[in-house]
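This report refers to the structure that appears directly beneath it.
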Amino acid sequence: MPKVEAAPQVAEPFPLSTLRHSVSHLMASAVAKLYPGVQFGFGPAIEHGFYYDFDLEQPLSEPDLRRIEKEMERIAKRSPRMECVEVDREEAKRRLRAAGQTYKVEAVDSIPEGEPITFYRHGDWEDLCEGPHVDRLDRDFHFKLLNVAGAYWRGDETRPMLQRVYGTAFWRREDLDAHLAWLEEVVQRDHRKLGSELDLFSTHGEVGGGFIFWHPNLASLRRALEEFWWDEHTRAGYRPVYTPHVARETLFEVSGHLQNYAELMYAPMEIEEQPYRVKPMNCPGHILIYKSRGRSYRELPLRWAELGTVYRYERSGVLHGMLRVRGFTQDDAHIFCTPEQLADEIAGVCELIHKVLTTFGFRYTAYLATRPAENAIGSDEVWAMATDALRRAAAMRGMALELDEGGGAFYGPKIDFKIKDALGREWQLPTVQCDFNLPERFDLAYTDADGRAKRPIMVHRAVLGSMERFVGTLIEHFGGRFPFWCAPVQAALIPIREEHAAYCRELEARLQAELFRVEALLAPGHMNNKIKEAQRQRIPFMLVAGGREAEEGTVAVRRRDTREQEVMPFEAFLDLARRLRTSRSLELA
Ligand SMILES: [Zn+2]
Ligand SMILES: [Zn+2]
């Protein structure tokens with residue numbers, strides 16, 4: 001056998017993060033040159049590039065970024081060498097004061113005593129920085145400045161707002177191009193952009209930020225998801241429960257939410273001189289059902305599920321479309337079980353999560369989060385038992401676990417799932433958590449085979465996380481091209497000419513009778529425009545019908561992504577539609 005040689009690798013002279021941080025210096029030096037009097041904040045490398053914060057009166061615009069890029073290129077050619085000088089604290093402050101850099105003077109104070117203080121210089125520009133950097137700025141690399149955003153100095157809302165210029169850099173031109181194409185795709189798929197383009201959802205100033213209004217299109221998709229969700233939960237032995245949105249404050253004292261999560265909760269309202277709160281979590285409600293009567297070991301495990309809407313305070317500055325909101329519906333369920341049942345129950349949850357995530361084509365990584373170093377409640381034995389149950393459950397399913405040492409909640413260990421979307425971005429959505437705390441606080445019990453009262457274990461778990469966040473993620477994952485089974489409108493009926501409307505109406509009625517979501521486009525207008533409109537709305541199928549189709553009982557079927565048209569008996573299309581729906585196929589995703 002010939003020896004297999006590894007593909008030649010172009011060695012990168014410095015790590016990408018070092019390059020990117022160095023380019024942020026280069027950008028700062030260009031800004032200093034073009035905008036005298038500018039003050040500098042911080043300029044680190046970040047996940048996909050770098051940024052630098054500037055205090056500058058004039059707001060930077062797109063043409064400014066191009067101007068800065070040109071200046072960067074000039075400086076890189078003229079003054080390529082990056083040099084490091086070490087100075088003492090006083091000298092550092094003197095230099096920065098002389099340069100008028102007050103933020104940097106403040107930054108010197110946060111360098112711990114005894115650590116070296118260094119400046120990096122290229123040309124006549126220098127910056128307080130610990131490095132590392134590339135040796136020369138005339139090496140072969142490629143960069144682009146991307147956008148400007150506001151950012152508070154040190155992330156503190158009481159401090160000045162600076163201009164943060166984002167950019168990125170790569171060693172190879174093709175990597176930069178691929179990254180820019182990816183960024184463009186991220187913009188095109190932004191769920192807020194698609195949310196208005198496809199008439200999916202809105203928020204309203206009259207109501208306040210962070211509260212989502214689901215328009216008919218997105219509500220139709222949500223109903224399809226909920227049906228899927230309930231189907232899978234019924235198969236997995238869950239029973240539904242419903243609980244109120246408001247409860248007396250004393251409930252949240254017993255649960256501990258008032259002591260530990262008060263900043264997440266909305267202020268109390270008074271009803272008959274008693275304080276009440278809207279719920280931040282569904283757990284206490286499910287616990288009350290558990291406690292409504294005595295429980296025997298014979299009933300366990302109990303698996304109760306609710307699509308429960310909760311309300312939590314988020315600062316207005318962090319609200320973001322459907323991804324960060326103030327009112328949301330958790331796909332919540334709680335399992336009450338014996339310690340012996342725990343591993344099987346967790347394995348069941350992992351199975352369910354796998355089924356749901358793979359239906360949408362998500363890949364995922366599971367992280368086992370173990371006992372935190374401080375403030376954990378519960379004995380060593382109970383932590384070891386539950387952590388072991390989580391491990392065994394993963395092993396039963398053949399699921400690999402990454403370790404998140406000390407990342408568990410104070411009340412128990414958990415497995416968090418990070419999903420990867422179509423653009424390779426990670427989202428944390430599903431979770432399964434053991435809880436030793438709430439059963440204790442609510443004094444939950446069951447009567448065991450030996451007649452003695454024992455404490456059940458409570459498992460909190462979410463498969464989707466919340467409807468809002470999951471669906472927001474889904475919009476971006478599919479770029480609005482949803483699979484047939486959950487598409488807001490599954491088929492558009494398009495008459496070739498006005499006189500074919502009656503046949504289209506007939507087909508529409510037949511499809512609706514089978515509970516398909518369809519729309520006959522019968523308004524006056526050219527067929528081609530209707531096809532274009534249906535494509536713009538990403539409707540999976542267009543059924544075009546004229547005189548011949550009406551006569552023969554057929555339809556000309558066009559798929560969302562192709563130009564070809566296939567004529568088939570209407571019955572054959574019905575079969576296809578039924579099959580795609582029942583199998584919840586990703587076809588036409
Ligand atoms: Zn630096
Ligand atoms: Zn819970």
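Side chains included, hydrogens not; waters and symmetry mates left out as well; all remaining heavy atoms used.
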State, with a plain yes or no, whether a side-chain heavy atom of [X] is found less than 4.5 Å away from one of [Y].
{"X": "Y364", "Y": "K418", "value": "no"}
{"X": "C337", "Y": "M458", "value": "no"}
{"X": "M322", "Y": "F201", "value": "yes"}
{"X": "L438", "Y": "S255", "value": "yes"}
{"X": "V459", "Y": "D435", "value": "no"}
{"X": "V246", "Y": "M269", "value": "yes"}
{"X": "L19", "Y": "F170", "value": "no"}
{"X": "V254", "Y": "P284", "value": "no"}

Donor-acceptor check, side chain of [X] to backbone of [Y], threshold 3.5 angstrom: yes or no?
{"X": "R295", "Y": "T447", "value": "no"}
{"X": "T387", "Y": "A384", "value": "no"}
{"X": "W383", "Y": "I377", "value": "yes"}
{"X": "R312", "Y": "M265", "value": "no"}
{"X": "T431", "Y": "D416", "value": "no"}
{"X": "D331", "Y": "V463", "value": "yes"}
{"X": "W182", "Y": "L423", "value": "yes"}
{"X": "D156", "Y": "T158", "value": "yes"}
{"X": "H257", "Y": "F252", "value": "no"}
{"X": "R20", "Y": "T168", "value": "no"}

Do [Y] and [X] meet the salt-bridge criterion of a basic N to acidic O distance under 4.0 Å?
{"X": "R324", "Y": "E468", "answer": "no"}
{"X": "R371", "Y": "D380", "answer": "yes"}
{"X": "E226", "Y": "R223", "answer": "no"}
{"X": "R189", "Y": "E184", "answer": "no"}
{"X": "R455", "Y": "D448", "answer": "no"}
{"X": "R326", "Y": "E314", "answer": "no"}
{"X": "D388", "Y": "R392", "answer": "yes"}
{"X": "R192", "Y": "E197", "answer": "no"}

Residue pair [X] / [Y]: nearest heavy atoms and the distance that separates them:
{"X": "L319", "Y": "G209", "value": "CD1-C, 3.6 Å"}
{"X": "G321", "Y": "V325", "value": "O-CG1, 3.2 Å"}
{"X": "P483", "Y": "L586", "value": "CG-CD2, 4.0 Å"}

- Carefully, step by step, assess R248 and E253 under the rule salt bridge (Lys or Arg N to Asp or Glu O under 4.0 Å). CA-CA 9 Å; R248 284 175 58 186; E253 268 164 31; over 6 Å; no

Short side-chain donor-acceptor distance under 3.5 Å, [Y] and [X]:
{"X": "T243", "Y": "K279", "answer": "yes"}
{"X": "Q433", "Y": "Y411", "answer": "yes"}
{"X": "Q163", "Y": "D53", "answer": "no"}
{"X": "R154", "Y": "S110", "answer": "yes"}

Please work out which of the three classes, parallel, tilted or perpendicular, describes the rings of [Y] and [X], given edges at 30° and 60°.
{"X": "F336", "Y": "H334", "value": "tilted"}
{"X": "H204", "Y": "F213", "value": "perpendicular"}
{"X": "Y311", "Y": "H245", "value": "tilted"}

[atom1]/[X]: more than 12 non-hydrogen atoms of other groups inside 6.0 Å:
{"X": "R578", "atom1": "CZ", "answer": "yes"}
{"X": "E263", "atom1": "CD", "answer": "yes"}
{"X": "R239", "atom1": "CZ", "answer": "no"}
{"X": "E47", "atom1": "CD", "answer": "no"}

- Task: Decide side-chain contact (heavy atoms from CB on, under 4.5 Å) for I457 and M385; before the verdict, give the C-alpha distance in whole Å, the side-chain angles of both, and the deciding distance to 0.1 Å.
- Result: CA-CA 11 Å; I457 290 187; M385 179 278 296; 3.4 Å; yes

Looking at [atom1] of [X] and [atom2] of [Y], how far apart are the two atoms once the value is rounded to the nearest 0.5 Å?
{"X": "L264", "Y": "Y313", "atom1": "CG", "atom2": "OH", "result": "10.5 Å"}
{"X": "D344", "Y": "T338", "atom1": "CG", "atom2": "OG1", "result": "9.5 Å"}
{"X": "L146", "Y": "L183", "atom1": "CG", "atom2": "CG", "result": "6.0 Å"}
{"X": "I46", "Y": "H21", "atom1": "CD1", "atom2": "NE2", "result": "13.0 Å"}
{"X": "T250", "Y": "Q274", "atom1": "OG1", "atom2": "CD", "result": "7.0 Å"}
{"X": "R538", "Y": "R481", "atom1": "CZ", "atom2": "CZ", "result": "6.0 Å"}

- Message: Check whether Y51 forms a cation-pi arrangement with R164 (NZ or CZ under 6.0 Å from the six-membered ring centre, at most 45° off the ring normal).
- Response: yes

- Query: Would R581 count as a cation-pi partner of W485, with NZ or CZ less than 6.0 Å from the six-membered ring centre and within 45° of the ring normal?
  - Reply: no

- Testing W153, F50, Y152 for ring pair (Phe, Tyr, Trp, His ring centres under 6.0 Å) with F42, which one passes? W153

- Message: Exactly one of F360, W427, F328 should register a ring pair (Phe, Tyr, Trp, His ring centres under 6.0 Å) with F470. Which one does?
- Response: F360

- Kindly indicate, with the supporting measurements, whether the criterion salt bridge (Lys or Arg N to Asp or Glu O under 4.0 Å) is fulfilled by E476 and R425. CA-CA 10 Å; E476 302 198 357; R425 295 171 304 173; 2.9 Å; yes

- Query: Looking at L198, L218, N217, D199, which one forms a side-chain contact (heavy atoms from CB on, under 4.5 Å) with P488?
  - Reply: N217

- Output, in order, the C-alpha distance, side-chain angles, deciding distance and verdict of salt bridge (Lys or Arg N to Asp or Glu O under 4.0 Å) for K420 and E426. CA-CA 5 Å; K420 215 168 223 187; E426 280 201 324; 5.1 Å; no

- Evaluate the side-chain contact (heavy atoms from CB on, under 4.5 Å) criterion for residues L221 and F482: first the C-alpha distance (whole Å), next the side-chain angles of each, then the deciding distance (0.1 Å), finally the verdict. CA-CA 9 Å; L221 175 131; F482 301 107; 3.5 Å; yes

- Test T309 against T329 for side chain to side chain donor-acceptor pair (under 3.5 Å), laying out the working first. CA-CA 4 Å; T309 303; T329 301; 2.8 Å; yes

